Amino acid sequence: MPVPRTHPRYASLKTRERLVQAHRQGIAALEGLIAHGRGEAWDYLLGEETSAPALVAEKAAAAFLVTAERPVISVNGNVAALAADHVARLAAVVPARVEVNLFHRTEARVRQLVRVLRKAGATDVLGPRPNARIPGLESKRALCHKEGIYRADVVLVPLEDGDRAEALARMAKLVISVDLNPLSRTSQAASVPVVDELTRALPNIGRFVRDLKADPDEATRVVREYDKARNLAALYAFIRWRLANLVRVTKGPERRGRAKS
Ligand code: ATP
Ligand code: MG
């Protein structure tokens with residue numbers, strides 16, 4: 001049944017439809033659909049727009065990408081399904097390599113993701129025939145490329161699983177995550193946790209990359225001054241403010257009602 005354009009949650013329903021379709025095409029894993037639901041819940045709480053602290057983290061992410069020697073963007077099924085075009089654009093502007101890395105890895109899925117990314121305009125996509133392993137991770141999830149994630153100094157990992165984010169951090173890489181859950185192990189392990197929705201975060205980072213490439217001194221300043229703990233504290237303060245506002249909004253009419261009686 002087509003989603004009516006007038007539906008108040010049209011965009012959200014279309015995104016869900018897109019993910020279900022991507023699952024049928026062998027791009028997104030079933031587990032990815034569940035992960036999307038976790039993300040949506042956090043996005044309601046955050047107001048479904050980029051918060052000021054997220055914007056600060058996005059600028060920092062751009063600064064680290066611009067000043068990196070070997071930046072890599074890691075792509076999984078949900079990322080390819082929802083943001084292949086944003087990944088391709090960001091990879092081109094940095095420039096960064098793109099590597100497909102799957103939690104639920106099959107060679108067919110890897111090839112399928114590479115196709116999707118190439119179609120979206122990404123030219124330098126790694127993934128099939130990996131030749132290295134991330135230490136400390138079991139099974140196929142550790143598979144990667146020497147010329148990609150293995151030797152990268154800065155890795156952007158949107159919608160990552162905590163185990164791999166922690167393993168990449170142990171490899172002394174600068175890990176930039178995009179994850180709506182500030183409490184996930186990924187956000188906690190990342191050097192620069194971006195707590196924002198993927199399709200908002202990637203274009204924001206891309207815009208900052210363009211600005212900072214034109215102003216290298218500003219990029220160096222942002223890298224020097226970014227403070228993860230302070231940024232997460234600001235994000236928690238923002239959530240507290242949101243909740244306090246919600247309390248006021250819900251309590252208002254009830255109080256007035258009581259005053260009358
Ligand atoms: P941990 O990092 O502790 O392992 P987890 O098991 O929830 O957390 P994953 O299974 O990898 O981690 O889930 C991916 C994460 O991505 C979830 O935390 C979810 O909130 C987040 N997420 C899902 N969809 C989006 C999206 N569109 N934009 C940003 N974040 C998202
Ligand atoms: Mg996990």
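One-based numbering, in listed order, for ligands and for the atoms of each. For reference, positions follow the sequence shown, starting with 1. These numbers come from a predicted model, not from an experiment.
Among E31, R38, R164, E40, the residue whose heavy atom sits closest to atom 6 (O) of ligand 1 is R38. In the candidate list R185, Q188, H36, R200, H36 is nearest to atom 24 (N) of ligand 1, counting heavy atoms. Scanning D163, D179, V79, L33 for the heavy atom closest to atom 21 (C) of ligand 1 points to D179. When the options N76, T199, L180, V194 are ranked by their closest heavy atom to atom 30 (N) of ligand 1, first place goes to L180.
Regarding atom 11 (O) of ligand 1, its nearest protein heavy-atom neighbour is E160 O, 3.0 Å. Distance from atom 31 (C) of ligand 1 to its nearest protein heavy atom, with residue and atom name: L159 CD1, 3.6 Å. For atom 28 (N) of ligand 1, the nearest non-hydrogen atom of the protein is L198 N, 2.9 Å. Among all protein heavy atoms, the one lying closest to atom 8 (O) of ligand 1 is S184 CB, 3.7 Å. Scanning the protein heavy atoms around atom 23 (C) of ligand 1, the nearest turns out to be A35 O, 3.2 Å.
Against a heavy-atom cut-off of under 4.0 Å, G162 is close to the following atoms of ligand 1: 1 (P), 2 (O), 4 (O). Within ligand 1, counting atoms from 1 as listed, the ones closer than 4.0 Å to a heavy atom of T186 are 2 (O).
Between the side chain of R210 and the backbone N or O of I205, no donor-acceptor pair lies under 3.5 Å. With hydrogens and angles ignored, the 3.5 Å screen pairs a side-chain donor or acceptor of R70 with a backbone N or O of R151. For K59 (side chain) and A54 (main-chain N/O), no donor-acceptor pair under 3.5 Å exists by modelled atom type. Between the side chain of R185 and the backbone N or O of D161, no donor-acceptor pair lies under 3.5 Å.
At a 3.5 angstrom cut-off on N or O pairs, V178 does not count as close to ligand 1. For ligand 1, the polar-atom distance check against E197 finds a nitrogen or oxygen pair separated by under 3.5 Å.
The SG atom of C144 sits 7.5 Å away from the CG atom of N131 when rounded to the nearest 0.5 Å. Here the CD-OG distance, from Q188 to S177, works out to 9.5 Å after rounding to the nearest 0.5 Å.
Under a hydrophobic-cluster definition in which Ile, Leu, Val, Met, Phe, Trp and Tyr are linked whenever side-chain heavy atoms come within less than 4.5 Å, directly or via other members, V194 and V157 are assigned to different clusters. Grouping the Ile, Leu, Val, Met, Phe, Trp and Tyr side chains by contacts below 4.5 angstrom, directly or via other members, places V222 apart from V154.
Considering only heavy atoms from C-beta on, P4 stays 4.5 Å or farther from Y10 through its side chain.
With a cut-off of 2.8 Å, the Mg ion (ligand 2) has an N, O or S atom of D161 in range.
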